[in-house]
K.L.:
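Sharing a structure with you now.
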Amino acid sequence: MRILVTGGAGFVGGHLAEAFVADGHDVTALDNLDPYYDLGIKERNREAALAAAEAGEGQYRFVEGSVTDADLLDRLLADVDVVYHQAAQAGVRTSVEEPAKPNEVNVTGTLAVLEAARDAGVDRLVNASSSSVYGKPAYLPYDEDHSTEPVSPYGVSKLAAEHYCRVFYEVYGLPTVSLRYFTVYGPRMRPNMAFTNFVSRCLAGESPVIYGDGSQTRDFTYVTDVVDVNRTLLRADAADGEVLNVGSTTTIDVETLARRIRDAIDPDLELVYDDPREGDAEHTHADVSKADELLGYEPKVTIDEGIDRFVDWYRENESWYDPLVRSS
Ligand SMILES: NC(=O)c1ccc[n+]([C@@H]2O[C@H](COP(=O)([O-])OP(=O)(O)OC[C@H]3O[C@@H](n4cnc5c(N)ncnc54)[C@H](O)[C@@H]3O)[C@@H](O)[C@H]2O)c1
């Protein structure tokens, strides 16, 4: 199939592009290479997809450009079956500092991609949404009927994008699915997240720093589980017009995460605490029964396995990844 991955040089988009090329599909990755974190990581994402193309039947093409460029989108979408829309100004904290930017990329950009996808008549558009749309939990785990009252500009922008996707399905018949990812982690992940900060500091012999008291719980989702559910959506139409949680179903509190990573690397290090960060959710926990029912989604990687895999990967790639994480 012919696939467009927007944000294809980013963390999740890079993994999707690599996996789809390895599966034998022809992938165009569109990304404006926004330097809000180190571009060396995005370079590695592109190299991974290129290597998959060299090793197999699938083709890979990278296009540098913006999802707000309607003419470019029209050209790229002319020959595409399915769009995986991952491009975004990601991250809660950056949105608190500069709220107009997520609005421009995540709302205006998503609308532009939807219009181009509708005009081109693509088979499906899969939109990367976020657990940040929920805000404060009235109950946990969140199911998709939980109220949506985001507590950050980023969450607002992702919720608006989701609504545009639903409306394009209802008004224009464009098949869209929004996947609410719960904190995704894995190789080549974005820096400045608890996972990367803890591993980076421990490997350097420094204490991991916990923002707040560490009691915040997170539903961390390993990137291969995210890739798998996206892969199902290449052909499945059961979730068209829907929003679906994509999480791991288990949670871990941030202090326990820091302790486990510390114990895996250097048990002698002390845990250190700092002030909580603005806009961070207290607790996230996904009920994924809807994704299971409609798509057979069953997350496979447990948090313990994921920590081990990520720490192993980090050690093997420390020479190039750690300096880029620290410089971001
Ligand atoms: N990683 C997570 O934990 C997580 C959780 C929930 C939702 N999401 C969503 O998943 C998607 C992917 O997240 P990620 O972690 O891979 O982030 P990422 O920042 O690594 O990837 C996003 C990519 O979009 C690109 N981009 C930004 N503005 C663009 C524009 N105007 N035009 C084209 N490309 C542009 C960036 O350069 C980047 O490469 C995003 O939509 C994000 O909101 C991610």
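Count residues from 1 along the sequence. Both counts, for ligands and for their atoms, begin at 1 and track the order of listing.
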K.L.:
Counting both backbone and side chain atoms, is some N or O of Met193 under 3.5 Å from an N or O of ligand 1?
P.N.:
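So ligand 1 has no N or O lying under 3.5 Å from an N or O of Met193.
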K.L.:
Among the heavy atoms of Val105, does any lie under 4.0 Å from an atom of ligand 1?
P.N.:
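Checking ligand 1 against Val105, which is what was asked, there is a heavy-atom contact under 4.0 Å.
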K.L.:
So for Gln89, does at least one of its heavy atoms come nearer than 4.0 angstrom to any atom of ligand 1?
P.N.:
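No heavy atom of Gln89 comes that close to ligand 1.
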K.L.:
Ligand 1 and Phe11, any nitrogen or oxygen pair closer than 3.5 angstrom?
P.N.:
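Yes.
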K.L.:
At a 4.0 Å cut-off, with the gap strictly under it, does some heavy atom of Ser132 reach an atom of ligand 1?
P.N.:
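The answer is no: ligand 1 sits nowhere under 4.0 Å from a heavy atom of Ser132.
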K.L.:
What orientation do Tyr185 and Phe195 show, parallel under 30°, tilted 30 to 60°, or perpendicular over 60°?
P.N.:
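Parallel, since the angle between the ring planes stays under 30°.
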K.L.:
Which ligand 1 atoms are under 4.0 Å away from a heavy-atom of Ala9?
P.N.:
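Matching atoms, with element in brackets: 39 (O).
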K.L.:
At what distance is the nearest protein heavy atom to atom 26 (N) of ligand 1, and which residue and atom is it?
P.N.:
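Ranking protein heavy atoms by distance from atom 26 (N) of ligand 1, first comes Asn32 OD1, 3.3 Å.
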K.L.:
Can you list the atoms of ligand 1 that are under 4.0 Å from a heavy atom of Ala90?
P.N.:
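Answer, ordered by atom number: 17 (O).
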K.L.:
Is there a polar contact, in the sense of an N or O pair closer than 3.5 Å, between Val67 and ligand 1?
P.N.:
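Right, the criterion is met.
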K.L.:
When the ring planes of Tyr164 and Phe168 are compared, do they come out parallel, tilted or perpendicular, using 30° and 60° as the limits?
P.N.:
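Tyr164 vs Phe168 ring planes: perpendicular.
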K.L.:
Could you check whether atom CD of Glu170 has more than 12 heavy atoms from other residues, nucleotides or ligands sitting under 6.0 Å from it?
P.N.:
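Correct, the count exceeds 12.
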K.L.:
Quick check: do Phe198 and Leu203 have side-chain heavy atoms less than 4.5 Å from each other?
P.N.:
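No, too far: nothing below the 4.5 Å cut-off.
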K.L.:
Counting non-hydrogen protein atoms only, what is the nearest one to atom 41 (O) of ligand 1? Give residue, atom name and distance.
P.N.:
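I find the closest protein heavy atom is Lys158 NZ, 2.8 Å.
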K.L.:
May I ask you to identify the nearest protein heavy atom to atom 13 (O) of ligand 1, giving residue, atom name and distance to one decimal place in Å?
P.N.:
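Residue, atom and distance for the closest contact: Val12 CG2, 4.2 Å.
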K.L.:
Any N or O on Ser131 sitting closer than 3.5 Å to an N or O of ligand 1?
P.N.:
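Between Ser131 and ligand 1 (N or O atoms, distance only) the closest approach is not under 3.5 Å.
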K.L.:
Does Arg46 pair with Glu43 as a salt bridge, N-O distance under 4.0 Å?
P.N.:
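Here Arg46 pairs with Glu43 in a salt bridge, since their nearest N and O are under 4.0 Å apart.
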K.L.:
Mark up the atoms of ligand 1 that fall under 4.0 Å of a heavy atom belonging to Asp34, in ascending order.
P.N.:
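Within the 4.0 Å cut-off of Asp34, ligand 1 contributes 37 (O).
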K.L.:
Does a side-chain N-to-carboxylate-O contact under 4.0 Å join Arg180 and Glu162?
P.N.:
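Salt bridge between Arg180 and Glu162, a charged N being under 4.0 Å from a carboxylate O: yes.
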K.L.:
Ala128 heavy atoms, cut-off 4.0 Å: which ligand 1 atoms fall inside?
P.N.:
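Here the atoms of ligand 1 in question are 10 (O), 11 (C), 41 (O).
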K.L.:
Should the heavy atoms of other residues, nucleotides or ligands under 6.0 Å from CD of Glu305 be counted, would the total exceed 12?
P.N.:
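Correct, the count exceeds 12.
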K.L.:
Among all protein heavy atoms, pick out the one at the shortest distance from atom 37 (O) of ligand 1; state its residue, atom name and that distance to 0.1 Å.
P.N.:
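Here the closest protein heavy atom is Asp31 OD1, 2.6 Å.
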K.L.:
Just which atoms of ligand 1 are under 4.0 Å from any heavy atom in Tyr154?
P.N.:
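In order of numbering, the contacting atoms are 7 (C), 8 (N), 9 (C), 42 (C), 43 (O).
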K.L.:
Answer yes or no for Thr183: is there a heavy-atom contact with ligand 1 below 4.0 Å?
P.N.:
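It does, in that a heavy atom of Thr183 comes within the 4.0 Å cut-off of ligand 1.
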K.L.:
With a 4.0 Å cut-off on heavy atoms, is Ser129 touching ligand 1?
P.N.:
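The answer is yes, since Ser129 has a heavy atom less than 4.0 Å from ligand 1.
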K.L.:
With heavy atoms under 4.0 Å as the rule, classify the contact between Lys42 and ligand 1 as side chain, backbone, both or neither.
P.N.:
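The answer is the side chain.
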K.L.:
Nearest protein heavy-atom contact for atom 12 (C) of ligand 1: which residue, which atom, what distance?
P.N.:
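Of the protein heavy atoms, Gln86 O, 3.5 Å lies nearest.
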K.L.:
Return yes or no for this condition: an N or O of Tyr36 is under 3.5 Å from an N or O of ligand 1.
P.N.:
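Yes, since at least one N or O of Tyr36 sits under 3.5 Å from an N or O of ligand 1.
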K.L.:
So, are Asp143 and Lys290 salt-bridged, with charged N and O less than 4.0 Å apart?
P.N.:
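No salt bridge links Asp143 with Lys290.
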K.L.:
Among protein heavy atoms, which sits nearest to atom 3 (O) of ligand 1, and what does the distance come to when rounded to 0.1 Å?
P.N.:
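Here the nearest protein heavy atom works out to Val184 N, 2.7 Å.
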K.L.:
Can you say whether the rings of Phe182 and Tyr142 are parallel (under 30°), tilted (30 to 60°) or perpendicular (over 60°)?
P.N.:
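Because their plane-to-plane angle lies in the 30° to 60° range, the rings of Phe182 and Tyr142 count as tilted.
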K.L.:
Which atoms of ligand 1 sit under 4.0 Å from any heavy atom of Ser130?
P.N.:
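Close to Ser130: 6 (C), 7 (C).
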K.L.:
One residue to check: Tyr37. Relative to ligand 1, which of side chain, backbone, both or neither has a non-hydrogen atom less than 4.0 Å away?
P.N.:
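Near ligand 1, Tyr37 shows its side chain, while the N, CA, C and O stay back.
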K.L.:
Does a salt bridge link Glu316 with Arg309, judged by any charged N lying under 4.0 Å from a carboxylate O?
P.N.:
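Between Arg309 and Glu316 there is no salt bridge, as every charged N stays at least 4.0 Å from the carboxylate O atoms.
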K.L.:
Could you tell me which non-hydrogen atom of Ser248 sits nearest to which non-hydrogen atom of Pro299, and how far apart they are?
P.N.:
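Minimum heavy-atom separation between Ser248 and Pro299: O-CG, 3.6 Å.
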K.L.:
May I ask you to identify the nearest protein heavy atom to atom 15 (O) of ligand 1, giving residue, atom name and distance to one decimal place in Å?
P.N.:
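Protein heavy atom at minimum distance: Arg190 NE, 2.9 Å.
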K.L.:
Do the non-hydrogen side-chain atoms of Met1 and Phe20 ever get within less than 4.5 Å of each other?
P.N.:
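No, every pair of side-chain atoms sits at 4.5 Å or beyond.
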K.L.:
Could you tell me whether Asp266 and Arg262 make a salt bridge, using a distance below 4.0 angstrom between a side-chain N and a carboxylate O?
P.N.:
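Salt bridge: no.
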K.L.:
Could you establish whether Phe182 and ligand 1 come within less than 4.0 Å of each other, counting only heavy atoms on the residue side?
P.N.:
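Outside the 4.0 Å threshold, so no.
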K.L.:
Output yes when Arg118 and Glu115 qualify as a salt bridge under the 4.0 Å nitrogen-oxygen rule, no when they do not.
P.N.:
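Yes, Arg118 and Glu115 are salt-bridged.
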K.L.:
Do me a favour and list the nearest non-hydrogen protein atom to atom 21 (O) of ligand 1 with residue, atom name and distance?
P.N.:
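Of every protein heavy atom, Gly10 CA, 3.4 Å lies nearest to atom 21 (O) of ligand 1.
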K.L.:
Counting from 1, what ligand 1 atoms have a heavy atom of Gly65 closer than 4.0 Å?
P.N.:
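So the answer, numbered in order with elements, is 32 (N), 33 (C).
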K.L.:
Do Asp263 and Arg260 meet the salt-bridge criterion of a basic N to acidic O distance under 4.0 Å?
P.N.:
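So Arg260 does not pair with Asp263 through a salt bridge.
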K.L.:
Taking the basic N atoms (NZ, or NE/NH1/NH2) and the acidic carboxylate oxygens, is any pair closer than 4.0 Å for Arg124 and Asp81?
P.N.:
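No.
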